[in-house]
Chemist: 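Below: one structure in structure tokens.
Keep in mind that the numbers below use all heavy atoms, side chains included, and drop hydrogens, waters and symmetry copies.
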Amino acid sequence: MRYRGHIAMISEHANPLSLLGSEDAGGQNVYVYELSLGLARLGYRVDVFTRRDDPRPPETVRLGPGVRVVHVPAGPPEFIRKDDLWEHMPAFMEGCHAYMAGQRRGYSLIHSNFWMSGWVACELKLRLGLPVVHIFHALGAIKRLEQGRADTSPRDRLRVERRILREADRILAQCPAEVEDLERYYGGDLSNVCVVPSGVNIRRFRVVSQSRARARLGLGPEEQVIGYIGRMVPRKGVDTLIRAFARLVAERPAAPLRLMIVGGECRNPEEDTSAELARLRGLAESLGVASRTWFVGKRQPDELAGYYGAADIMVSVPWYEPFGLTPLEAQACGRAFVGSAVGGITFTVVDGVTGLLVPPRDDAALAEKLALLLDNADLRQRLGRAARRRVQREFTWAKVAEHTAGVYEELLAGLIPVPAPAVRVVST
């Protein structure tokens with residue numbers, strides 16, 4: 001295989017070796033893991049630089065052929081919430097620089113993830129003269145808009161994001177809605193922006209037998225199972241789902257309804273002391289649906305197809321979602337899906353074709369769509385089949401790696417980006 005270059009993948013808080021589903025481990029971890037391995041299969045060598053949050057692993061750990069994770073000391077070697085990491089970024093940048101400068105085989109470019117890594121990349125660009133490709137994963141302006149006073153982002157975030165927009169050679173937006181947000185809240189020259197959607201592992205997330213999946217999980221064949229898989233944070237809208245489920249139970253008290261919620265900080269939910277899980281448990285109790293609500297706990301990626309497969313309907317109704325990988329996972333598993341009409345979900349779900357969309361924070365609208373699907377098995381099957389086909393066609397990690405490599409090749413060849421506002425969509 002032809003060697004195509006050496007990539008410094010900067011991901012300050014999202015270590016691809018980390019367990020998924022905890023407070024600060026989610027879609028970015030998956031993105032870095034899958035994209036790095038995909039780039040390596042195309043001939044790149046990838047080093048993922050991430051902050052050391054555990055004293056035990058060695059400095060470098062092999063993630064897969066052609067990919068290694070470099071643990072950079074910056075602050076105490078323990079978990080720190082990502083919104084509290086900003087003060088440690090100068091030390092993280094110095095550590096990345098020292099390691100990169102000491103490599104005999106130089107780096108071709110830097111690919112940074114999230115705004116803090118973007119700052120590190122801009123500083124490294126000044127020192128090393130390397131081009132920078134950046135992906136935000138989430139925008140501070142949207143978080144501030146949606147969370148208001150609950151937003152715990154450092155006050156420097158928007159200023160740094162504007163710097164990244166100016167100084168990065170390419171910005172990868174995950175969907176057209178992200179480009180619109182950049183135009184609306186950041187402005188300026190967007191000629192360095194192109195759209196490269198994220199993907200899903202279609203070998204891991206696949207159609208499985210519902211009857212066998214339910215038997216393994218102890219669910220009855222007659223149960224009507226509505227599922228959620230994802231992080232337990234307020235913006236994910238799990239409370240909206242619980243309220244909608246309570247509406248269904250009130251309307252159909254004799255129906256064998258079950259709500260399955262997968263995620264959290266611990267595998268055993270009884271050991272999970274997080275405030276959000278306690279809030280959601282209390283809500284289910286107050287609405288009289290605790291006995292029908294199964295808080296499963298954290299599960300690893302290789303286990304999730306069975307949980308998707310056991311459900312009749314999968315739901316993800318966040319207040320906002322920059323892209324969202326769980327809707328793609330649910331669709332890859334051939335499940336009927338209901339999502340909120342926000343951000344990337346409006347791009348990955350074709351309303352009425354591969355799933356159904358509802359307004360965020362609207363439990364009445366969600367309950368209505370869930371009732372429609374529960375009463376129409378043919379519609380559930382039709383949506384699930386169409387969703388799986390579209391994911392296979394447009395959202396595999398192999399395609400993401402190919403499109404990203406195309407951006408790298410264009411950049412390294414010194415080609416001029418397409419002028420704004422003709423933002424390029426790199427997709428099939």
Chemist: With side chains defined as the heavy atoms from C-beta onward, is the minimum distance between Leu109 and Ile7 less than 4.5 Å?
Modeler: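 Leu109 reaches Ile7 side chain to side chain.
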
Chemist: Could you check whether atom CZ of Arg144 has more than 12 heavy atoms from other residues, nucleotides or ligands sitting under 6.0 Å from it?
Modeler: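 Not buried by this count: 12 neighbours or fewer within 6.0 Å.
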
Chemist: Provide the closest heavy-atom pair for Ile10 versus Cys96 in the form atom of the first, atom of the second, distance.
Modeler: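 Looks like CD1-SG, 4.4 Å.
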
Chemist: Pick one: which of Arg4, His111, His403 meets side chain to side chain donor-acceptor pair (under 3.5 Å) with Tyr408?
Modeler: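 Testing each of Arg4, His111, His403 against Tyr408, the sole residue satisfying side chain to side chain donor-acceptor pair (under 3.5 Å) is His111.
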
Chemist: So Tyr186 and Phe136, would you call those rings parallel, tilted or perpendicular, with 30° and 60° as cut-offs?
Modeler: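 It falls in the parallel class, under 30°.
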
Chemist: Is any side-chain heavy atom of Pro77 closer than 4.5 Å to one of Asp53?
Modeler: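 No, too far: nothing below the 4.5 Å cut-off.
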
Chemist: Is any side-chain heavy atom of Thr404 closer than 4.5 Å to a side-chain heavy atom of Val133?
Modeler: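 Side-chain contact under 4.5 Å: no.
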
Chemist: So do the side chains of Trp119 and Pro90 get within less than 4.5 Å of each other, counting heavy atoms only?
Modeler: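 In short, these two side chains touch, coming nearer than 4.5 Å.
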
Chemist: Step through the shown structure and confirm whether more than 12 heavy atoms of other residues, nucleotides or ligands are within 6.0 Å of CZ on Arg212.
Modeler: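 No.
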
Chemist: Could you go through the salt bridge (Lys or Arg N to Asp or Glu O under 4.0 Å) check for Lys399 and Glu402 one step at a time?
Modeler: CA-CA 5 Å; Lys399 291 185 180 295; Glu402 291 170 3; 5.4 Å; no

Chemist: Under 4.5 Å between any side-chain heavy atoms of Gln174 and Phe347, yes or no?
Modeler: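 In short, these two side chains do not touch, never coming nearer than 4.5 Å.
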
Chemist: Please say whether more than 12 non-hydrogen atoms of neighbouring residues, nucleotides or ligands are located less than 6.0 Å from CD in Glu285.
Modeler: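 Incorrect, the count does not exceed 12.
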
Chemist: Looking at Leu373 and Ala336, what are the two nearest heavy atoms and their distance?
Modeler: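 Closest approach of Leu373 to Ala336, heavy atoms only: CD1-CB, 4.4 Å.
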
Chemist: Closer than 3.5 angstrom, by distance alone: can the side chain of Arg335 be matched with the main-chain N or O of Ile313 as a donor-acceptor pair?
Modeler: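 Not a single qualifying donor-acceptor pair exists.
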
Chemist: Is there a donor-acceptor contact under 3.5 Å from the side chain of Thr346 to the main chain of Gly343?
Modeler: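 Yes, because the side chain of Thr346 sits within donor-acceptor range (under 3.5 Å) of the backbone of Gly343.
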
Chemist: What do the steps show when you test Arg157 against Asp151 for salt bridge (Lys or Arg N to Asp or Glu O under 4.0 Å), and what is the final call?
Modeler: CA-CA 11 Å; Arg157 179 170 179 173; Asp151 179 12; 5.4 Å; no

Chemist: For Phe395, is the NZ or CZ atom of Arg390 found under 6.0 angstrom from the centre of its six-membered ring and inside 45 degrees of the ring axis?
Modeler: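 Ring-cation test returns no.
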
Chemist: Is it true that a side-chain atom of Ser117 and a backbone atom of Ser112 form a donor plus acceptor pair closer than 3.5 Å?
Modeler: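 Judged by distance alone, no pair lies under 3.5 Å.
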
Chemist: Can a side-chain donor-acceptor contact be found between Thr354 and Gln331 if the only test is distance below 3.5 angstrom?
Modeler: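 Side-chain D/A pair, Gln331 to Thr354: present.
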
Chemist: With the side chain counted from C-beta on, respond yes when Leu356 and Asp351 share a heavy-atom pair under 4.5 Å apart, and no when they do not.
Modeler: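 Yes, their side chains come closer than 4.5 Å.
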
Chemist: Please check this pair: side chain of Asp363 against backbone of Thr240, looking for a donor-acceptor N/O pair closer than 3.5 Å.
Modeler: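 Not confirmed, Asp363 side chain does not pair with Thr240 backbone.
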
Chemist: Could you check, using the six-membered ring where one of them is a Trp, whether Phe323 and Tyr31 have ring centers closer than 6.0 angstrom?
Modeler: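 Centroid distance Phe323-Tyr31: not below 6.0 Å, so no.
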
Chemist: Does one side chain, of Glu321 or Ser340, offer a donor that lies under 3.5 Å from an acceptor on the other?
Modeler: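 There is no such pair between these side chains.
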
Chemist: State whether Phe295 and Arg281 meet the cation-pi test: NZ (Lys) or CZ (Arg) under 6.0 Å from the six-membered ring centroid, and within 45° of the perpendicular axis.
Modeler: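 Yes, a cation-pi geometry holds between Arg281 and Phe295.
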
Chemist: Between Asp312 and Ile226, is there a donor-acceptor pair closer than 3.5 Å when you use the side chain of the first and the backbone of the second?
Modeler: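 Looks like no, no N/O pair under 3.5 Å.
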
Chemist: Any side-chain to backbone donor/acceptor pair from Arg68 onto Asp47? Under 3.5 Å, distance only.
Modeler: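 Here the side-chain-to-backbone pair does not exist.
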
Chemist: With a 3.5 Å cut-off and no angle check, do the side chains of Asn15 and His71 form a donor-acceptor pair?
Modeler: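 Note: Asn15 and His71 side chains meet the donor-acceptor criterion.
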
Chemist: Taking salt bridge (Lys or Arg N to Asp or Glu O under 4.0 Å) as the criterion, tell me which of Arg361, Lys236, Arg235 meets it with Glu146.
Modeler: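 Of the listed options, the one satisfying the test is Arg361.
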
